[in-house]
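Inspection log for the structure reproduced underneath, given as structure tokens.
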Amino acid sequence: MSPHSPLILLEQVTKDYRMGSEIVHALRGVDLSIEPNEYVAIMGPSGSGKSTLMNILGCLDWPTSGRYILDGTDVSSLDDAALARIRNQKIGFVFQTFNLLPRATALKNVELPLIYAGISADERRRRAQAALESVGLGDRLRHKPPELSGGQRQRVAIARALVTNPSIILADEPTGNLDSKTGAEIMALFERIWREGNTVILVTHEDDIARYARRIIRIRDGRIESDAPNSPETVEALTMQQ
Amino acid sequence: MIRRLAEYADVFISALESLRANPLRSLLTALGVTIGVAFVSLMGWALGSLDAAWESTLSTLGQDMLYVDKWNWAGGGNWRSVMNRKNITIDQAEEIARRVRAASMVYISADAWGKTVVRADKKASGLVIEGTMARFGLLPSTTLAEGRFFSEMEEQHAAAVAVIGDGVRSALFGNRSPLGETIRIEGRPFVVVGVMNKRGTLFTDFLDRTVYIPLPAFFGLYGRYSRSVTVAVKARSPEELGELRDDLRGIVRSVRMLSPDAPDDFAINEAQVFRDQVANIRMVIGMVGIGLTALSFLVGVIGITNVMFVAVVERTKEIGIRRAVGARRSSILAQFLAEAAMLCVAGALVGIALAGGLIAVAALLLRTQMEFLLPFVPLNVVALAVGSSICVGVIAGFVPALRAARLDPVEALRYEA
């Protein structure tokens, strides 16, 4: 990757859905560029297209038109297997509902992406354990999701997102199912992850959560409405409150 | 390939885990496969037992032996003309024996069927009295459990000695040794000098109900010309059997003074005559077995396909999660195929255990009447059963697995049960 190319580059990306006989224009031409180690919040009300944008950024879906260049690779025309590989290596997802395998231990859940990366069992275990320790769950390796609190479950999910050393951490309403105190703890964890050099993209409709980011992009009706830096002072204040 | 190894190992483990999570449902689902595999196992066992019986028939009767008889053992031919055949007399038999050159051994025997033998207050009926030569005792297939066969000397002197079959021994003597004891045949005393090993089979069960006495002694009991005799001829090697048969046929025709255009009025029997019977039994067992198995497997496929569809729906979220963290469509396909196959293998193992139990019990209960029954499921049948159950699993799981693989990851992640 040359020093001038951004980590994420969207050029005139559109996405149309067919709903019955109607065609829904979820994205109507989005241009976006994100540099490595940015901390971005994508905001918008429901129906704004922010979920669609997140799916495309996460390589879970293809744009109808336009180009998406991720880390120097044009991913808008890749086939399923190649996209799966990109998701595996370059993207770490964190979801609102945690999305852990309920019958697998924390360790096993964190190992899951490494299985699809073809990592040996010993190495998987070692890396998964390290990732869980880094989110403060070193003593919960053998617990299954139903035995963990919401905040702990989200930490497992974050460990799973981090374990492959992805280019982007993509978090979709990561505090939506948590109480505000636990939510603040999770946001502090994202802050640390970002400070350690990761690129973090938050998708949220809550101003309180978006305020943690250093750049806020607002989406409305499938277009970018505004794109502005966020004042770091606010963030300092937010972290102080805890 | 190496990279995928971790994934395949995981596919295997997670298939096992989901099986363990729902053991009862798994077993019920695989019931069709269980029953199908039980049928396959029973069929394989029956065929294996039949083959074993066939093998032992071949070895007791001798694969290198020809028996010149008035009758064809397997039956057939025009009944009336067969009935009208003249006996093979002892004089003809001796003449045939003299003229056969290309044989390693010839002996003559004569049988009386449906006879009763008495020992003290016990008697055994439905027996075969066979007059034979001391040479018969030299055949490799003639093995004794106790005592000895009668000697050439005893044969020549028409000694009143007898060698009895295993069934005769148990009927008259129970667990006691019969050696030196006296039995009465047609009221005349004979001393038991030997007991044959158990040698009767599915096709020759009368062998254990036979009492062997010297041929001249037999003639003393039943007369020299009352019965048709048998000339048994042993080839020098099994390969020469065909040639020997042709020679023998010419000799017998000449001894019986048949005109060149007359049909044979005798039969040259050999162990192979039972082969058609074996083939028929095989076919019946095979057809019934395959029919029942196919039916059970069909039921199994329907059941497993349904349950796999349910499993795919239940685990939509899991599919979404796996896809999000890097599973390809083919990974998901493999996972569900493995699960269906594993379900079938588990069902198959239960089926094999079930059949194994039935077989052990059957072999135990029938071991006296049908000792040729194998007491276990043959190993190659186990392999066949497991192999075919994997195929059933893959067939049954294919459409549900394909549906799972084709799920849109975005939709799958959004799914809430």
Side-chain angles (χ1 to χ4, degrees), chain A residues 15 17 26 51-52 54-56 58-62 78-105 108-125 144-145 157 160-164 166 170 172, chain B residues 1-23 25-26 311-336 338-339 401-417:
Chain A
K15 181 71 185 180
Y17 289 111
S51 293
T52 306
M54 191 207 72
N55 290 335
I56 288 172
C59 296
L60 286 168
D61 208 350
W62 288 268
L78 291 179
D79 66 4
D80 175 78
L83 271 195
R85 202 177 160 84
I86 299 267
R87 286 197 296 272
N88 184 246
Q89 295 179 344
K90 305 209 165 176
I91 293 159
F93 287 100
V94 178
F95 301 96
Q96 176 174 1
T97 51
F98 322 133
N99 284 347
L100 300 172
L101 300 183
R103 288 202 300 261
T105 61
K108 194 82 200 171
N109 265 292
V110 177
E111 278 186 37
L112 195 61
L114 299 178
I115 287 170
Y116 294 111
I119 310 286
S120 74
D122 287 347
E123 176 74 0
R124 280 201 311 258
R125 225 197 91 93
K144 291 178 180 174
R160 180 180 64 190
L162 287 171
V163 77
T164 53
L170 202 53
D172 181 16
Chain B
M1 199 55 211
I2 298 291
R3 291 178 59 85
R4 302 261 171 100
L5 224 59
E7 198 181 310
Y8 293 143
D10 176 69
V11 159
F12 181 78
I13 292 164
S14 74
L16 263 183
E17 278 170 356
S18 71
L19 211 69
R20 279 216 328 245
N22 259 324
R25 184 171 91 177
S26 303
V312 170
V313 173
E314 279 177 354
R315 289 160 63 189
T316 300
K317 191 93 175 182
E318 175 188 331
I319 294 165
I321 295 168
R322 287 180 181 270
R323 296 277 279 137
V325 302
R328 295 173 308 280
R329 283 198 184 113
S330 60
S331 321
I332 302 295
L333 186 78
Q335 188 187 335
F336 281 90
E339 212 171 300
L402 205 61
R403 180 179 287 183
R406 285 186 175 161
L407 282 178
D408 175 13
V410 175
E411 295 291 330
L413 278 169
R414 204 177 288 153
Y415 180 86
E416 291 299 337

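Minimum interatomic distance between A84(A) and R328(B) (heavy atoms only, all atoms of both residues): CB-CG, 3.7 Å. G326(B) and Y116(A) make their closest contact through O-CB, 3.7 Å (heavy atoms, listed as atom of the first residue, atom of the second, distance). Contact detail for L112(A) and I321(B): the closest heavy-atom pair is CD2-CG2, 4.3 Å. The two residues P409(B) and L60(A) make their nearest non-hydrogen contact at CB-CD2, 3.8 Å.
Residue N55(A) touches chain B through its side chain alone, counting heavy-atom pairs closer than 4.5 Å. For T97(A), the part lying under 4.5 angstrom from a heavy atom of chain B is the side chain only. Using a 4.5 Å cut-off between heavy atoms, I86(A) makes no contact with chain B at all. Heavy atoms of S330(B) lying under 4.5 Å from chain A are absent altogether. Residue A9(B): no heavy atom, backbone or side chain, is found under 4.5 Å from chain A. When heavy atoms are compared at a cutoff of 4.5 Å, A121(A) does not approach chain B at all.
Taking OG of S14(B) as the reference point, atom NZ of K108(A) lies at 7.5 Å (rounded to 0.5 Å). Taking CG of L100(A) as the start and NZ of K317(B) as the end, the distance is 10.5 Å to the nearest 0.5 Å.
Using a 4.5 Å cut-off on side-chain heavy atoms (C-beta onward), R322(B) and I115(A) make no contact.
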Requested in this report: Could you please spell out the steps behind the salt bridge (charged side-chain N to carboxylate O under 4.0 Å, His left out) verdict for D80(A) and R323(B)?
Outcome: CA-CA 10 Å; D80(A) 175 78; R323(B) 296 277 279 137; 2.7 Å; yes
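Within 6.0 Å of atom CZ in R20(B), 12 or fewer heavy atoms from other residues, nucleotides or ligands are found, so the atom counts as exposed in its surroundings. Atom CZ of R403(B) is surrounded by 12 or fewer heavy atoms from other residues, nucleotides or ligands within 6.0 Å.
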